[in-house]
Structure formats: C-alpha cells, structure tokens
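Okay, so here's the structure we're looking at.
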Amino acid sequence: MTNKEIAELLRNVASAYSIKNEQKFYFQIIAYQKAADAIENSITEIKDLNKENALQSLPGVGPSIKAHLEELLKTGTIAHFKWVFEDIPSSVFPLLKIPSFGPKKAYRLVKTFKLNNPKTVIKDLENIAKKGKITPLAGFGEKSEQDIIRAINEYELEKTKSVRMTLPFALELADKITDYLKKSEFAMQVELLGSLRRMVSTVGDIDIAAASSNPKGVIEHFTKYPYKERVIEKGDTTSSILTSGGHQVDLMVQPPEAFGSLLQHFTGSKAHNIHLREYALKKGLSLSEYGIKNPKLPNKKLQQYKTEELFYKAIDMDWVPPELREDSGEIELAIGHDLPKLIELSDIKGDLHIHSNYPIEPSHDLGRNSITEMLDKAKEFKYEYLGFSEHNPSISKHSESELLKILLKRDKMFEKIAKDKKDVRIIKLLEVDILPTGKLAISDKAFDFLDGVIVSVHSSFTLDINKMTNRIIQGLSNKKAKILGHPTGRLINERQGYNLDWNKIFEFCFKNNKAIEINSCPSRLDLPDTLVKKAVEKGVKLVINTDSHAVYQMKNMKYGVSVARRGWAKKSDILNTLPYNKFIKWLRT
DNA sequence: GCCGTTTTCGGCCCGACTGTTTTCAGTCG
C-alpha cells in the first residue's frame, strides 16, 4: 500500500469514529487525522520506515497506530479496523471525497436511501437529489439538495480537489487576484498567505489576507471577481470563491490594527498554529486571528497586533520565517531565540546547471539560448560564475574520439567567449547520465576537458531500492562526479521519485565530499524540502541550480532557495554561495 | 490515540459560514 492509500485508510477510520460517536471518540478522531497527515507528507514509504523500525518518528504515530500499521504490512488487514468499520456501509467513503460532504451527511444519506453500492453511490445520490427526495428530510431543505447536486457535478467535472498547482502557476493566479483586490477603495494592504507564503512545493488553495477598516466592502468587491465560477461563501470577515479554472481562493479581512494576528493565523501551517496555541495556552494565553486574549483576567480584553513580529514577541518568541512554519522544531527554537539564519537568494553566487544551445549532440534535450545570452543573464543576476552542463553527447551515436572532439570544440568556444565576457566566469561541466549499471555515459578521457560533472539518472527509473542506491553511489564514485542532479527524479503531479536509501546516499556524499543538487525547476523542486532538512542535519553539502534550458528559466533560482529554506539550510550549507575561487577549489579537489 | 522544560495522567487551537433552525449541526480552514 502506498502512503497515500494508508493515509486515506486512517482518515476513513477517523470518519467512522465520528459516525459511531463523535463525542466519545473525539480525540481518537483528531489523532487518526493527524497520523494520516504525517503519513501522507512522509517522503519515505511506510513499509521502508517500518523496516528501519522508525514508524514512531512520524509525529502523531504512537504505539497504537504503529502496531496497527505493522499488522497492516504483515497481514494486509487490521483486526481493530474491522470493528471500527462494522455497521458502516463502505459506500459512505467515496462520498467523503466530495467537498462539503463530511461523515455525518454521507452516512445519513447512505442509510436513508440504502445506497449500498460504493461504485455507484455518487451517481445514485445525484439521481435521488434530482428527483427531489432530499428536500423533505429533516435537517435538509431545497437549498441543500441543490448544493448536493452542484457539489457532485463539480466533483465529477474535476472542478474541485483537482491536482495541486505548481508554485509559478499559483503565483500567477494569485497575482491576478491580488491586483484585482488592490483596486478596491477599501483594501489598505493585500498579502498572499497560506502554503504559497510558506513556498510549499505545490499549492491547493490560494489564501489572501487584506487589511481594511471596511471588511465588508473588500469582500463585496472580492465576490465580484470577474473570472469566477461562483462564490462559495461570503461572510463578514471571510469569503471564498471558485475561479473559472476550478481553484479555490480564500480571503480573510481584518482591520489594520489586527493585521499582524491575521497574517500569523492565515499563513499557517495548521500544525504550526496548533502547536503555537497549545504553547500559549500553557502560559494562560489564547491565540486567534483577532489577537491574544488572557481568559483568566477579569476583563478578558483582546490585545491586537499590527505586525507578525509583535504577535510572536507577545508570547516571548522570535519571528519565525514562513518557510519553517511546519511544526518541525521551529517553535522550540523560536522560544529559545535560537532559530537558524536561513540562506537567501542574494547569497547565491552562481548557477551550475545550465543547458545552452551549443550543438553538443546530446542524448537528451538541448537548451534554447546561446552561451553568451546565458552569461548576460547571469551578469544581470550579479553571479560570479556560471556552470555549463549540457547533457553528454549521446554515446550510441558517437565513438569515443568523436565525443572528445566535440568537447574540445566546446572548450575552444568557451575560451573565445571568455575573452569578451570577463564579468562572469565559465565553469566547464557536463550533465552525465548514470547508466543502469552505475557506469557513467562518458569515458575517463573526457574528464580532462571538464572542471567537474553533474551526474543524473535519466532512464530505468523503476529499479528496486538497493539497485538504485548502488547505481547512484557508483555513479558518484568517479573523482570528477561532484554533484548529484535532480536526486529523486520526481516530476510533481506526474511521476514519483525513484526509491533510494537516503541514509546510505547521505553518508556516502558526506564522506566523499560530494554535493546534492536542489533543482529549482518548479516541476521538480528536487531534492524535496524534507530530504534537504535531513541532508543538512547530516552535514551533506548542497548546491542550488536551475537546470535552465532557456534564459527565462534562470529566474527560477528563487524556488530552489525556498526549498533550501524549507529544509532549514543556511548559507554555509549551500556551496554555490561560495566566491569563485573557493567554489572552483572545492570542485577540483 | 498522542504526548511531555509545569505532566507517564490529564490534557488536547480557535474560529467562520451555511442551511436549517429558533439555538444548532455540519463542514471547513
């Protein structure tokens, strides 16, 4: 079973508990949901964690759920869950995937209309609603019947809960909407929050906060956004719309004197906020988007905060960079005033993964812009150096001597260009395939023309974990192989990464002075943030590259830097923050 | 069911909005 499937199973357990008796099982429900979140977000497969006896390293997995998971992996089923699910028709669960359907509503409808076929339950319910049979039920009405029909319709058309957006896509959409919001005469300040502000690799909803002394005015304007499918909700301080592209946008509005509290609340993450509020509660303080209350004081007066810094300060904490707000230790460090100083975009001194259009006759794709054009862009970014790392010339189409000739020719081209372009130093690299056997796709002689190589996997993605790990370690073992490119091979929303034993890889890189790439391409963001954090903890060095195949992609560096920040990386963890002399020294040793 | 710099027992974030009601249940973030 995949992590996603296991997470769904645990969420179904939580739903089953709330159908059975929400009061009685209140905290079990929360516990199962929390464990489901942790498992869904885990980069390591549950079966691999179990092999390492590390299931309880996941936050929210304690002795009981651990035992259940072990049973599941061993026998394929969990006896306790059979009891949990008894009396609950399995046709309840498909309905839970539809927005606005919770366990109570789904169960009630399934039971009332005896909808016992999980494969057809959604269609069956739609037909029942269309016949007007839901309106007469106690607690339902005509409006809720229409809402059910629409919710099913949107779900079937995949208008909602569809794939998560990549960062640039989400940013572009969010910018459109914030530009529109700023046109409201009542909006004094507009900010992007939620997962977009935390720079999570994919974004589900767009969250926006506005400061205004007339919240209703801003919300009125928001709900008139021209490119919307419909208004989902509209209240006094919050509102949600569905864009015509099927993406949900949530808006929250507070007066400027409480804007800091709102920024904090709406940036999340949920786990960060819950932990923060539990911590504050122990100090007798109650936190919300409105500010901070002390319920024990007789007047219970609410203290408001204009800025986030003041809000955190009020509970004796340092301001926490949004990228860290995932409840992975940042709260404890902020209390102890010991948060790391994270790397910033301006620390980057060069980009090492650049594909120019130089005709190197590669096995994979060539870049679209010339060496000169890419150097000009690098100068604009004030880089000291740029590493050209086209794919290796294809080995099936070239003999060794032909390959060497091609590299020699590129070398001469570099020299010629370098005479004119002195602002940015050229670093001579290649991106070389690690073949399934672990061998590199160029011969040792070719290395004489190179300062170093990035090695990457571009084929046979489905080798088992041991073979793949050994393949990569062997590929990295060559003296000139200094950087492991897009290390998990994942393509967001398209392809999972290959299975690797990260402990072994990190250990090898640390011992042998190899660096791992954080690839800034928005559909890769690879190494992923959670693995960056582990690499940093183990002292493994990283480089942040864009893997640009065109000049315009070179600006993607900011996404890679965000991944590094989400992985708690400091400037000293990232090698391409080094000045040229120090970097080239590392590369050549 | 999980968890611990007040705890291995006794806590567990805090709120908005909708539709159905006449004070609340359900869903969501």
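In the text below, chain A, chain B and the rest are named by the order of the sequence lines, each starting its count at 1.
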Close N or O pairs between protein and nucleotides 19-21 of chain B (under 3.5 Å):
from	atom 1	to	atom 2	distance (Å)
B:dG19	OP1	A:Lys143	NZ	2.5
B:dT20	OP1	A:Gly141	N	2.6
B:dT20	OP1	A:Gly141	O	3.3
B:dT20	OP1	A:Ser144	N	3.1
B:dT20	OP1	A:Ser144	OG	2.5

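- The stretch residues 166-175 of chain A has no heavy atom under 4.0 Å from DNA chain B, so no residue of it qualifies as close.
- Straight-line distance between the C1' atoms of B:dT21 and B:dT8: roughly 45 Å, to the nearest whole Å.
- Ring pair A:Phe186/A:Phe222: centre-to-centre distance not below 6.0 Å.
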Check the interface with nucleotides 6-8 of chain B: list each N/O to N/O pair with the protein under 3.5 Å, or write none.
from	atom 1	to	atom 2	distance (Å)
B:dT7	O4	A:Lys282	NZ	3.3

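- For residues 234-247 of chain A, the pairs satisfying salt bridge (Lys or Arg N to Asp or Glu O under 4.0 Å) are A:Lys216-A:Asp236, A:Glu220-A:Lys234, with sequence neighbours left out.
- Aromatic ring centres of A:His265 and A:Tyr290: separated by at least 6.0 Å.
- Looking at A:Arg565, A:Arg198, A:Lys558 one by one, the single match for salt bridge (Lys or Arg N to Asp or Glu O under 4.0 Å) with A:Glu323 turns out to be A:Arg565.
- In this structure, CD1 on A:Ile219 lies 6.0 Å from OG1 on A:Thr238, to the nearest 0.5 angstrom.
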Show which side-chain atoms of residues 48-63 of chain A pair as donor or acceptor with protein atoms under 3.5 Å away, not counting sequence neighbours.
from	atom 1	to	atom 2	distance (Å)
A:Ser57	OG	A:Ala54	O	2.6

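- Using N1 to N3 plus N6-O4 or O6-N4 for Watson-Crick, or N1-O2 and O6-N3 for G-U wobble, each under 3.5 Å, B:dC2 pairs with B:dG11.
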Can you check nucleotides 9-16 of chain B for protein contacts, nitrogen or oxygen pairs under 3.5 Å, and list what you find?
from	atom 1	to	atom 2	distance (Å)
B:dC12	O3'	A:Glu278	OE2	2.9
B:dC13	OP2	A:Glu278	OE2	2.6
B:dC13	O2	A:Arg277	NH1	2.6
B:dC14	OP1	A:Ser286	OG	3.1
B:dC14	O4'	A:Arg277	NH1	3.2
B:dG15	OP1	A:Lys293	NZ	3.3
B:dA16	OP1	A:Tyr290	OH	2.4
B:dA16	O3'	A:Thr238	OG1	3.3

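- Residue A:Phe101 is classed as a sugar-phosphate contact, given heavy-atom separations below 4.0 Å to backbone atoms only.
- The closest donor-acceptor contact from the side chain of A:Arg325 to the backbone of A:Val320 lies under 3.5 Å.
- Between the OG1 atom of A:Thr488 and the CD atom of A:Gln496 there is a distance of 9.5 Å, given to the nearest 0.5 Å.
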